[in-house]
Visitor: 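First the structure, then my questions, so here it is.
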Amino acid sequence: MHAIQLDIPAPLSRAPLAWREVPDPEPGPGQLLVQVAACGVCRSNLHMIEGDWVDSGVPGRSPIVPGHEVTGTVVALGMGVDGFARGDRVGVQPLWWTCGTCEYCTSGREQLCHDRLITGEHVDGGYAELMVANAAHTYHVPDALDLVEAAPLFCPGITAFAAVEKAGLRPGDRVAIFGLGGVGHMAVQFARLRGAEVVAVGRNSDHLQVARELGASHLVDASRIDPGEVLEDSVDAAVTFAPSDVVTAQALRALRWGGTLVSAVPLNITGFPFNREQVVKASLLGNRDQMTEVLRLAAAGQVRTVVDRFPLAEVARALEELAAGRLRSRAVLETASAVK
């Protein structure tokens, strides 16, 4: 098979990724071999590839195949696999393996498992024609969904769903979504499904237009005005997907007293006004039940992804477009096997 491999993290300008022919992987017990149809391109892939996370032990092996939001078709099953058959349309999200026995795994918070393995960071991911998946963390993709368009459901989709759920929105609440790329455009839709009035905040005109198309009631162009100033004390909740201390401060300023800030990215808070009783929550991915619900909503036509398609071999161009902010929403790599 052909795969995109990372040997040594380095800036994109140094071409750290290699297109190679490598042996086909084989599924072990409890595993599936998936013929990849599509894999989304996440900004975290870019961080890993360029070496931003080396001090944290990522990537966990070398060489490694990046990519953690994957769809495809089952072509082989390892021993002991139930619930899947050859030809099944499936998807894999960043959580590739969890222990299943810790306090987090046994309480529906498996994304917090301390021993978790991440697709494309600790094990080979979806920038390839074939990939081994852990059956316990693999999902059936409904027939109503296109496999290429479904790929972002497995990272932006689950990340946005869980973050919006933590915001505790009620019908009529006003919520500001900060950061409107691959994850943000899904959050706009999940917030609307909860009956909220959505304020979309971003710096990219294409992202703002997509947010409008997906139902945002108000747009705030952060490249022109200060969102914290224009939204001050006016939203019941804010959800942030932009890793910026400036954005965090703007989101807190926009919050009403007693409001909730949910962050799906690292943040630093200074001068926290305790007398306003605002609540700050963190959100990481989501659990398997939430992933199943994301797929159900998408199959029912209640949410959709917005994708820019690239051939698998053109991954470098996709990453460059992502880094330059030239994507409408989510870049997705597609292989020759990409079919509905």
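When a residue number appears, it is its place in the shown sequence, counting from 1.
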Visitor: Pairs in or reaching into residues 264-288: which pass salt bridge (Lys or Arg N to Asp or Glu O under 4.0 Å), with residues at least two apart or in two chains?
Guide: E110-R288
Visitor: Can you find a pair of side-chain heavy atoms, one from F154 and one from V92, that are under 4.5 Å apart?
Guide: no
Visitor: Side-chain contact test, heavy atoms from C-beta onward, threshold under 4.5 Å: evaluate it for V41 versus D308 and give yes or no.
Guide: no
Visitor: Could you go through residues 21-40 and list every donor-acceptor pair under 3.5 Å that involves a side-chain atom there, pairing it with any protein atom two or more places apart or in another chain?
Guide:
unit_1: D24; atom_1: OD1; unit_2: M1; atom_2: N; d: 2.9
unit_1: Q31; atom_1: OE1; unit_2: G28; atom_2: N; d: 2.7

Visitor: Tell me, which pairs form a side-chain hydrogen bond (donor to acceptor under 3.5 Å, both in side chains) where one or both residues lie in residues 53-65, sequence neighbours left out?
Guide: none
Visitor: Anything under 3.5 Å between a donor and an acceptor, one on a side chain of residues 94-102, the other on a protein residue two or more places apart or in another chain? List them.
Guide:
unit_1: W96; atom_1: NE1; unit_2: V132; atom_2: O; d: 3.0
unit_1: T98; atom_1: OG1; unit_2: H137; atom_2: NE2; d: 2.8

Visitor: Donor-acceptor pairs under 3.5 Å, side chain of residues 172-179 to any protein atom, not counting sequence neighbours: which ones?
Guide:
unit_1: D173; atom_1: OD2; unit_2: R170; atom_2: N; d: 2.9
unit_1: R174; atom_1: NE; unit_2: E197; atom_2: OE2; d: 3.3
unit_1: R174; atom_1: NH1; unit_2: S234; atom_2: OG; d: 3.1

Visitor: Hydrophobic side-chain clustering at under 4.5 Å (ILVMFWY, transitive links): who's grouped with V54? Put none if nobody.
Guide: none
Visitor: Would you check if M186 and L153 make a side-chain contact, meaning some heavy-atom pair closer than 4.5 Å?
Guide: yes
Visitor: Once rounded to the nearest 0.5 Å, what's the spacing between atom CG of D143 and atom CZ of R89?
Guide: 5.0 Å
Visitor: Check whether any side-chain heavy atom of Q250 lies under 4.5 Å from a side-chain heavy atom of V220, and answer yes or no.
Guide: no
Visitor: So do the side chains of V164 and R194 get within less than 4.5 Å of each other, counting heavy atoms only?
Guide: yes
Visitor: Once you round to the nearest 0.5 Å, how far does OG1 of T71 lie from CD of E149?
Guide: 10.5 Å
Visitor: Does a side-chain heavy-atom distance below 4.5 Å link V247 with F241?
Guide: no
Visitor: Let's go through Q111 and N287 carefully: what are the C-alpha distance in whole Å and the side-chain angles of both, what is the deciding distance for side chain to side chain contact (heavy atoms under 4.5 Å, CB included) to 0.1 Å, and is it a yes or a no?
Guide: CA-CA 6 Å; Q111 68 272 23; N287 63 32; 3.9 Å; yes
Visitor: Nearest 0.5 Å, please: how far is OG in S263 from CD1 in I269?
Guide: 8.0 Å
Visitor: Which distance, rounded to the nearest 0.5 Å, do you find between the CG of L17 and the CD1 of I49?
Guide: 4.5 Å
Visitor: Which residue pairs satisfy the salt bridge (Lys or Arg N to Asp or Glu O under 4.0 Å) criterion with at least one member in residues 199-215, sequence neighbours excluded?
Guide: E213-R328
Visitor: Is there side-chain contact between L208 and D221, with at least one heavy-atom pair below 4.5 Å?
Guide: yes
Visitor: Let's go through D124 and M131 carefully: what are the C-alpha distance in whole Å and the side-chain angles of both, what is the deciding distance for side chain to side chain contact (heavy atoms under 4.5 Å, CB included) to 0.1 Å, and is it a yes or a no?
Guide: CA-CA 7 Å; D124 284 338; M131 171 189 156; 5.9 Å; no
Visitor: Kindly indicate, with the supporting measurements, whether the criterion side chain to side chain contact (heavy atoms under 4.5 Å, CB included) is fulfilled by L297 and Q189.
Guide: CA-CA 10 Å; L297 291 170; Q189 298 173 79; over 6 Å; no
Visitor: Would E293 and R296 count as a salt bridge (charged side-chain N to carboxylate O under 4.0 Å, His left out) here? Give the steps.
Guide: CA-CA 5 Å; E293 178 64 5; R296 187 193 70 80; 2.7 Å; yes
Visitor: Taking only residues two or more places apart in sequence, or in another chain, which ones meet D88 in a salt bridge (Lys or Arg N to Asp or Glu O under 4.0 Å)?
Guide: none
Visitor: Should H218 and L231 count as side-chain neighbours, where that means a heavy-atom distance under 4.5 Å?
Guide: no
Visitor: Using 0.5 Å steps for rounding, measure from the CG atom of N268 to the OG1 atom of T248.
Guide: 7.5 Å
Visitor: Roughly how far, to the nearest 0.5 Å, is the NE2 atom of H114 from the CZ atom of R116?
Guide: 8.5 Å
Visitor: Please report the C-alpha distance between D146 and R309 in whole Å, then the side-chain angles of each, then the deciding distance to 0.1 Å, and finally whether the salt bridge (charged side-chain N to carboxylate O under 4.0 Å, His left out) criterion is met.
Guide: CA-CA 13 Å; D146 175 86; R309 299 179 181 224; 3.3 Å; yes
Visitor: Which residues satisfy the salt bridge (Lys or Arg N to Asp or Glu O under 4.0 Å) test with E129, sequence neighbours excluded?
Guide: none
Visitor: What residues form a side-chain hydrogen bond (donor to acceptor under 3.5 Å, both in side chains) with E50, not counting sequence neighbours?
Guide: none
Visitor: Should N45 and Y127 be marked as a side chain to side chain contact (heavy atoms under 4.5 Å, CB included) after you check the CA-CA gap, both sets of side-chain angles, and the distance that decides it?
Guide: CA-CA 10 Å; N45 300 160; Y127 286 15; 2.8 Å; yes
Visitor: Could you check whether the rings of F190 and F161 sit parallel, tilted or perpendicular, using 30° and 60° as the cut-offs?
Guide: perpendicular
Visitor: Who passes salt bridge (Lys or Arg N to Asp or Glu O under 4.0 Å) against D233, sequence neighbours left out?
Guide: none
Visitor: Could you pull out all residues at least two apart from R304 that satisfy salt bridge (Lys or Arg N to Asp or Glu O under 4.0 Å)?
Guide: none
